[in-house]
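Below: one structure, written as structure tokens.
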Amino acid sequence: MRNLAEALQALCRHLLPDDAARRAGKRLTQAKAAARIPCDESSLSRYLSGQLVPDLKTTKGLYREACLDAGDEHPVGITFDELVLLRKQAEAERRRSSNEMAAEIDSLHGQLQEAESERAALRHEVAELKAAVADLKASEAGLQARLTAQTASGPLPVPRRRGDRQRMRRDIAAVRNLASRAAELDAGGRAGAALRLLRRSADEVLNPLETAGLLLLLRQQQHDDLADNLIHVYGRDQDRDDVLNVALSLHEQGAPDDAGAVLHAALG
């Protein structure tokens, strides 16, 4: 296309102004050159700049006018067959460029759609996490209210150090919804979202006893990967007292391996 534009520019330089303009020392204007070809002036400008490829009729018209003013085809520096071949090559190049641009636009459109889908999925995930945290806070408030009422009505019986069913029921009731939501996310191939839900809940909502209950519930439901990951991040991120309390609760409930794992994560 660049070579064709240069050839068209060379042909235009052979076009001469009319007698009146020549006597006045004026050069041929682009508007008058376009009128001689004939073609639209703005189109001629785009032909000469390489932005457009002229049709065969326009190409022939410019070549004819240039040869008439030059006196023969040889002084114009290119034969008509060579000009037609150059135009054909430029047209093929233009089509290739258009196809490549269309393919690039399609690719970018696909990337945009994928990004929008990912953004929508993230928004949905955030909404689910917020709902889960809200439910857990509500459960926590209800649990605290029940414990306060029970304490006011009389002391609880002294629990056994092992098989403490009352404490297990209390912990499982507080975290059952959380374990269920995390399991649903994990089963749906969103293990990262499930772990983020568990981690945020352990940070913001659950106390150590409830966290231990959550781990036991995950083990009971055979969500071992979730339990292992929660043990790792909890032991790594929480303060020493909370970790020790979780480990003690796990050990009391017959899970010494998990108790040792959370302590090991804290030391690591």
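This structure is a prediction, so every number in the text was calculated from the model and none was measured. Numbers for residues simply follow the sequence, beginning at 1.
Contact annotation: the side chain of L216 never approaches that of Q220 to less than 4.5 Å [non-hydrogen atoms, C-beta and beyond]. Looking only at side-chain heavy atoms (C-beta outward), C12 and L48 come within less than 4.5 Å of each other. Between L4 and P54 the shortest side-chain heavy-atom distance falls below 4.5 Å. Between L206 and L178, the closest side-chain pair of non-hydrogen atoms falls below 4.5 Å. For the pair N245 and L209, the minimum side-chain heavy-atom distance is 4.5 Å or more. Considering only heavy atoms from C-beta on, R36 stays 4.5 Å or farther from L62 through its side chain. Within the 4.5 Å cutoff, the side chain of L215 has no heavy atoms near those of the V262 side chain. Here the side chains of E252 and L248 are in contact, with some heavy-atom distance below 4.5 Å.
A salt bridge (charged side-chain N to carboxylate O under 4.0 Å, His left out) check over residues 42-54, counting only residues at least two apart or in different chains, returns nothing.
In terms of modelled atom types and a separation under 3.5 Å, the side chain of N229 and the main chain of D225 share a donor-acceptor contact. T59 places a side-chain N or O within donor-acceptor distance of the main-chain N or O of D55, the cut-off being under 3.5 Å. Distance alone, capped at 3.5 Å, is enough to place a donor-acceptor pair between the D69 side chain and the L16 backbone. A donor-acceptor pair is defined here as one N or O able to donate and one able to accept, closer than 3.5 Å; no such pair exists between the side chain of D242 and the backbone of Q238. Q89 places no side-chain N or O within 3.5 Å of a backbone atom of L86 that could act as its donor or acceptor partner.
Applying the side-chain contact (heavy atoms from CB on, under 4.5 Å) rule to A66 yields the partners L11, H14, L15, V76; only residues at least two apart in sequence or on another chain are considered. Residues forming a side-chain contact (heavy atoms from CB on, under 4.5 Å) with A261 (at least two apart in sequence, or on another chain): I231.
Comment: R219 engages D228 in a salt bridge, judged by a side-chain N to carboxylate O separation of less than 4.0 angstrom.
V53 pairs in a side-chain contact (heavy atoms from CB on, under 4.5 Å) with only one of the listed residues (E93, K88, R87), which is R87.
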